[in-house]
Each structure stands twice: as structure tokens, then as C-alpha cells.
Amino acid sequence: MKGACAAVGAAERRRSSVGTGVAARLGAFACCALLAAAAVAAPPLQLPPVADSGPGIEHHPGKIIWVDLATPDLASSERFYGSLFGWTFREIHAGGTDYALASVGNHGVAGMVRKAIPAGQHRQPAWLTFIAVDDLDQARREILAHGGKSLSPPRTYPGRGTQGVFADPQGAVFAALQSSSGDGADYLAAPGEWIWSSLLTNDPAAGAAFYKAVFGYEMFDLPSNDGAQHVVLAAGDYARAGIHTLPPGHRHPHWINFVRVADASRSAAQATALGGRVLVEPHPDRHGGQVAVVADPAGAPIGLMEWSDTYTRDQADLP
């Protein structure tokens with residue numbers, strides 16, 4: 001797999017502001033404890049590698065390198081995402097765990113794991129964001145030292161690496177992954193691939209300070225007239241993610257990941273026809289393309305983002 005979850009592509013070099021305008025208009029949805037149990041399945045499950053191994057292995061600490069979905073209905077999720085993004089699936093069954101590898105072309109882009117929601121509980125399926133680290137044990141120490149929590153103990157999977165699930169001090173759930181196959185190259189995401197990730201949180205400045213301390217990001221404030229804070233996290237001369245003010249009335253800080261689509265309005269309409277719903281209507285983002293947020297039939301939110309190949313490096317650079 002080559003760069004299956006690049007946060008932003010090679011055409012958006014050096015601190016791109018792509019995707020940050022969506023934060024102030026995101027709909028309400030919750031990150032929940034379901035992720036902690038479902039994101040890391042019990043051995044002997046053989047998880048796929050993040051990137052193709054070989055002599056040119058690349059490591060990019062701070063890059064978003066994988067995304068997993070915990071869902072109660074794996075077959076329904078495959079139908080929805082396969083139809084919406086053209087993903088194909090290879091199912092892996094081991095140790096009582098059902099896992100599906102989603103691919104675009106011949107490389108993997110995401111994983112889905114079946115996780116039942118206990119009767120009487122109102123937990124919402126969600127996508128889990130994996131951030132690359134060089135040393136998971138060190139990252140875990142830094143996370144705990146700066147007020148984060150460990151939700152799932154680190155586990156090592158042959159071919160994948162070592163990963164753990166955590167919550168930041170404001171409760172947003174994420175995962176850290178020390179990949180044994182490298183982190184994949186930085187390149188412009190094709191339609192159907194992940195192009196951006198954003199954190200919505202109560203205190204963007206505090207959130208940015210936490211992720212900077214743990215992952216070593218550079219931080220860049222973005223000017224805005226919407227009354228919200230917008231921060232870009234950069235590493236290795238690439239923008240990796242955005243942090244934005246959680247809209248009023250939305251109780252749960254959370255990460256959301258965006259898939260590149262050719263037409264956000266058309267994809268949002270297709271998501272509805274497939275049994276999902278629109279959480280944020282398609283609208284122009286600061287980079288000029290349309291963005292939207294939809295939920296799959298089980299309720300897991302996911303972002304849709306257009307990206308024009310004519311959007312140049314100079315336009316992407318911050319002042």
C-alpha cells in the first residue's frame with residue numbers, strides 16, 4: 001500500500017490549509033468508548049501492513065497513516081462504502097474477530113471491524129484515526145504525561161506494527177501506530193482515498209499544545225472571521241491535520257476524516273440514497289472546493305472533500 005491515508009498530498013506541500021473551513025459548520029455526533037474496544041482486535045488476527053515494505057521504507061511521525069471503522073454491521077458497511085467510494089474488500093476472520101480490509105485499486109485504505117453494541121447502550125459507530133510514531137512506548141509515556149489516557153494497551157501485530165488507542169485531555173479518541181512497514185509516501189490523494197483529518201475540540205489552543213508535545217508538530221494559526229479558532233498541525237514540511245473549535249452545543253470532542261471525491265454534492269446525495277444521511281450540507285471550503293459531512297447507515301460520520309488538481313502549491317502555502 002502506498003500512502004493509504006496521507007493527510008494531505010504532495011501537491012499541498014508545506015503547511016497547507018486545506019479542509020480547515022469545515023469545522024465551524026460540522027454537525028453534532030459523539031466519539032464513544034466503542035472505539036477503545038474495537039479498534040485493536042485480539043491476536044491472532046493478522047492485520048495488513050500500512051505500506052509496502054522494501055528498501056525505500058519511509059517514516060513520517062505525525063502523519064495520519066490509517067483509519068479503522070468499528071461497526072455493528074460489517075456487510076452493510078461494505079455495501080455503503082463500496083458503492084459510495086468504489087472500495088473493494090477482503091475479509092479476514094481470526095480469533096473470533098471479523099475484519100475487512102478496504103482497498104482502492106491494489107492498495108489498502110482502511111479497515112473495518114465488526115463490534116456489536118451491547119443492548120441498552122447508545123453508542124455510535126465511528127472511524128478511528130491512527131497517527132504515526134517512531135516509538136509507541138515513548139509516545140504512550142508522553143500522552144500520559146500530558147494529560148491523555150490509554151484506552152487500549154499497546155499490541156503488536158506481525159506485518160502491521162505496534163498500536164494503541166488513547167484519548168486526549170479533552171476526550172477525543174485517537175490511535176498511535178508504530179508501523180513495521182513504514183508510513184507510506186506523501187502524495188496527492190486520489191478520489192476514494194483519505195485527504196484530510198480534523199479535530200473538533202472545546203479548546204483548540206490546548207488541544208494543539210497537547211498534540212505538539214506528544215507528536216512534535218509545528219503549529220500555525222489560521223485567520224478566520226467566524227469566531228472560531230483554526231490551527232494547522234504540520235510535520236516534515238507537510239500539513240498533517242487541522243484543529244478547530246467545537247461548535248456550540250456539541251458535547252464531544254472528536255476526530256473526523258475526509259475522503260476525496262469528485263463531486264461532494266453528488267456524493268452526499270448518493271450517501272442518502274444508500275441509507276446514510278447528510279450531517280453538514282455541501283458548501284465551499286477555504287480552498288475553493290466543496291466539502292460535506294455524512295453519516296453511514298449505522299451513524300458513523302465521514303467527511304467528503306473535493307480537491308482540484310489546479311490548486312497550486314503557492315495557493316496551498318500559508319503566509
Is it the case that the side chain of Gln178 and the backbone of Leu136 share a donor-acceptor pair, with hydrogens and angles ignored and the cut-off at 3.5 Å? yes
Do the non-hydrogen side-chain atoms of Trp87 and Met112 ever get within less than 4.5 Å of each other? yes
The test is side chain to side chain contact (heavy atoms under 4.5 Å, CB included); show your working for Phe215 and Val133 and say whether it passes. CA-CA 7 Å; Phe215 298 103; Val133 296; 3.5 Å; yes
Arg160 side chain near Ser181 side chain, heavy-atom distance below 4.5 Å: no
What's the spacing between Gln290 CD and Asp285 CG if we round to 0.5 Å? 9.5 Å
Are the side chains of Ser179 and Ile65 in touch, meaning some heavy atoms are under 4.5 Å apart? yes
Can His283 and Glu281 be said to form a side-chain hydrogen bond (donor to acceptor under 3.5 Å, both in side chains), step by step? CA-CA 6 Å; His283 59 272; Glu281 293 289 342; over 6 Å; no
Compare all side-chain heavy atoms of Val173 with those of Leu151 and state whether any distance is below 4.5 angstrom. yes
Would you please test Lys63 and Phe130 for side chain to side chain contact (heavy atoms under 4.5 Å, CB included) and show each step? CA-CA 8 Å; Lys63 179 179 178 178; Phe130 285 74; over 6 Å; no
Which pair of non-hydrogen atoms, one from Gln270 and one from Ser83, has the smallest distance, and what is that distance? NE2-O, 2.9 Å
Does either side chain, that of Ser197 or that of Thr129, offer a donor lying less than 3.5 Å from an acceptor on the other one? no
Going by heavy atoms in the side chains, are Gln163 and Tyr157 under 4.5 Å from each other? yes
Closest approach of Glu306 and Ala262, non-hydrogen atoms and distance? CG-O, 4.0 Å
Indicate yes or no: does Asp186 engage Arg240 in a salt bridge with an N to O separation below 4.0 Å. yes
In terms of heavy-atom contacts, Gly108 and Ser103 come closest through CA-OG, 3.6 Å
To the nearest 0.5 Å, tell me how far Leu69 CG sits from Lys115 NZ. 13.5 Å
For residues Trp127 and Tyr81, establish whether the separation of their ring centroids is below 6.0 Å. yes
NZ-CE distance between Lys212 and Met219, expressed to the nearest 0.5 angstrom: 4.5 Å
Any sub-3.5 Å donor-acceptor pair from Arg260's side-chain atoms to Trp307's backbone N or O? yes
For Ala271 and Leu84, the nearest pair of non-hydrogen atoms, with its separation, is N-CD1, 3.9 Å
Under the side chain to side chain contact (heavy atoms under 4.5 Å, CB included) rule, what do Ile302 and Val259 come out as? Steps first, then yes or no, please. CA-CA 8 Å; Ile302 190 167; Val259 172; 3.9 Å; yes
Distance check, rounded to the nearest 0.5 Å: Ile57 atom CD1 versus Asp183 atom CG? 9.5 Å
Considering only heavy atoms from C-beta outward, does the side chain of Arg140 approach that of Pro154 to under 4.5 Å? yes
side-chain hydrogen bond (donor to acceptor under 3.5 Å, both in side chains) evaluation trace for His93 with Asp98: CA-CA 5 Å; His93 306 281; Asp98 298 320; 2.6 Å; yes
Stepwise, does the side-chain hydrogen bond (donor to acceptor under 3.5 Å, both in side chains) test hold for Trp66 with Asp68? CA-CA 7 Å; Trp66 195 255; Asp68 269 348; 2.8 Å; yes
Derivation and outcome, side-chain hydrogen bond (donor to acceptor under 3.5 Å, both in side chains), residues Gln170 and Thr201: CA-CA 7 Å; Gln170 297 182 56; Thr201 189; 2.7 Å; yes
Please round to the nearest 0.5 Å and tell me the distance separating atom CG of Leu177 and atom CD1 of Ile64. 11.0 Å
Interatomic distance, CZ@Arg79 vs CG@Leu74, rounded to 0.5 Å, equals 10.0 Å
On a heavy-atom basis, the closest approach of Leu279 and Pro301 is CD1-CB, 3.8 Å
Take Leu304 and Val291 through the test side chain to side chain contact (heavy atoms under 4.5 Å, CB included) and record every step on the way to the result. CA-CA 5 Å; Leu304 310 173; Val291 295; over 6 Å; no
Partner of Trp255 under ring pair (Phe, Tyr, Trp, His ring centres under 6.0 Å), picked from Tyr211, Trp196, Trp194, Phe174, is Tyr211
Can you check whether Gln229's main-chain N or O pairs, donor with acceptor, with Thr245's side chain at less than 3.5 Å? yes
Using every non-hydrogen atom in the two residues, find where Val214 and Ala139 come nearest and quote the distance to one decimal. CG1-O, 4.2 Å
Can you find a heavy atom in the side chain of Val294 that is under 4.5 Å from one in the side chain of Arg277? no
Heavy-atom check, side chain of Asp134 versus side chain of Pro61, under 4.5 Å: yes
Are any side-chain N or O atoms of Glu78 and backbone N or O atoms of Ala75, one a donor and one an acceptor, separated by less than 3.5 Å? no
